[in-house]
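Structure record follows, encoded as structure tokens.
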2 protein chains.
Amino acid sequence: MPKPAVPAAVPSPFRSKAEREHDRAEKREAVLLAAVRMFNARGYHAASLDDVAASLGVSKPTIYHYLGNKEQVLVECVNRGLSMLREAADTAAGAPGSGHDRLRAFLLRYACINMDDFGRCVIRTNEEVLSMDSAIRFRARKREIDDAVRGLIAEGVADGSIAPVDVRFASFALAGALNWPARWHDPDGPLSPEEVAEKLVDIALGGLTPRR
Amino acid sequence: MPKPAVPAAVPSPFRSKAEREHDRAEKREAVLLAAVRMFNARGYHAASLDDVAASLGVSKPTIYHYLGNKEQVLVECVNRGLSMLREAADTAAGAPGSGHDRLRAFLLRYACINMDDFGRCVIRTNEEVLSMDSAIRFRARKREIDDAVRGLIAEGVADGSIAPVDVRFASFALAGALNWPARWHDPDGPLSPEEVAEKLVDIALGGLTPRR
DNA sequence: CAATCAATATACCCATGAGTATAGAAAATA
DNA sequence: TATTTTCTATACTCATGGGTATATTGATTG
């Protein structure tokens, strides 16, 4: 005898444990994004947590519930950006091709990250606003990225695909040229990050002096 | 009959009107310098006028006596830097030589200014911290400098001394590379601004791609 | 000498904003 | 159903710091 058919599933308002955890992670994410945008738009000190909360239609304790105090929020934003950069650096280190080609690929990604919410935050955050401890960790992580850039340049110089430049100053020059969009690029403007990245990288690598 | 000799002048503790005005100007200058250094070291919001006053061994009302409110202080600091840049731009515009040479000379000066107290302040000040009015004026003055850079690049492209680059992106790339020292250069470190400027300008203009 | 002005300090006011104590609602668990 | 946990808001505390009212001192000027 056939079992009676199970009635069609109704979308359940009751959430499983996994769903609840997912919800929580999603909210946390939204708070972080709202915060980083506020920090980028107004600067860390001028961006109040009340404003961040208001931009999400919640109240300040909600932010503390999900993320902790203001500096912890900033540190997490900055760490997001740094992780993206770190990943790009690792990818570049393991890629095939000449030093020049790998550097170029890395720089394109580097520039794009600097136009992303979290990447901008890395550039715009100065160590002075952080506690001593956080500042030290921040500096160390930035230093890793810088070392990766220098490594790529040095390899390019070694294999002849990059001119014999002073590696340190070359990394400063490149970093400056590609960090600057964090200040001026408008995500809602007509220029896509990829477009900007490509133009800037071409100029930074090629220079302005004519080749004949 | 000879007049009786005038006795030797004694250093007078009484100050003439001109001397008093000079004193005042000097004090005003000292306040401005103390302020810009504090702003550069801690960032505008984190730098309190109490701290600025304390660093001179005076009290807060003294700052108001000489300079006005906090934003006026910042605006004057920024204007100092902008005036230096403006002067450099005018000099470059009236100089002889190819576009490339004039651009190079200007950039050397530009980079040095960015490592000066007031120049750093121009770079490190974001419009968001200023009132609407000041921000508009600030942007306009920066735009003038940027236009000057673009003019020099365009002239270089026209006379063949600069490669046919996209003028706008070239100016962004150069500005970025040469603004960046405002963040990392340590005036008390071993690298002189002139040295840094020269190395960076050479790399920015020459690029990293080898020439054969 | 009187009146005034310049320069500076003390002591205050007040807004902002970080951070928290507390409470209540809803859901989960026992 | 009772209890605990999660989530969120209201309503506070408190420090910081911009800005000012007022007093004081000393020099300048009429």
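In what follows, chains carry the letters A, B, and so on, assigned in the order in which the sequence lines appear, proteins first and then strands, with residues in each chain numbered from 1.
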### Euclidean distance, atom CG of residue A/D50 to atom P of C/dT20 [Å, nearest integer]
14 Å

### Query
Please give, in whole Å, the distance from D/dG17 P to B/E71 CD?
18 Å

### Query
Roughly how many Å is it from CG in B/L74 to P in D/dG18, rounded to a whole number?
12 Å

### Query
Roughly, in whole Å, what's the span from CZ in A/F39 to P in C/dG17?
13 Å

### Message
For the residue pair A/K60 and A/Y64, would you count it as a cation-pi contact if the rule is NZ or CZ under 6.0 angstrom from the ring centre and within 45 degrees of the ring axis?
### Response
no

### Query
Can you give one letter per nucleotide of nucleotides 4-10 of chain C, going 5' to 3': B for a protein heavy atom under 4.0 Å from the base, S for sugar-phosphate only, - for none?
---BBBB

### Query
For A/D146 and A/K142, what are the C-alpha separation, side-chain angles and deciding distance, and is it a salt bridge (charged side-chain N to carboxylate O under 4.0 Å, His left out)?
CA-CA 6 Å; A/D146 191 41; A/K142 281 197 296 185; over 6 Å; no

### Task
Ignoring hydrogens and angles, state whether a donor on the side chain of B/N79 or B/R141 is under 3.5 Å from an acceptor on the partner side chain.
yes

### Task
Could you check how far CD1 of B/I63 sits from P of D/dG17, rounded to whole Å?
13 Å

### Summary
Separation of D/dT16 atom P from A/H45 atom NE2, nearest Å, is 14 Å

#### Entry: Atom-pair distance (CZ on B/R42; C1' on D/dG17), nearest Å
13 Å

### Task
Look only at the side chain of B/Q72 and the backbone of B/N69, and say whether a donor-acceptor pair between them is shorter than 3.5 Å.
yes

### Summary
Rounded to whole Å, CG of B/N69 lies from C1' of D/dG17 at a distance of 13 Å

### Task
Could you tell me if the ring centre of B/F172 sits under 6.0 Å from that of A/W180?
no

### Task
Quick one: label A/A47 by what it contacts on the DNA or RNA (base, sugar-phosphate, nothing), any heavy atom closer than 4.0 Å.
sugar-phosphate

### Message
Side chains of B/R168 and B/R150, heavy atoms from C-beta outward: is any pair under 4.5 Å?
### Response
yes

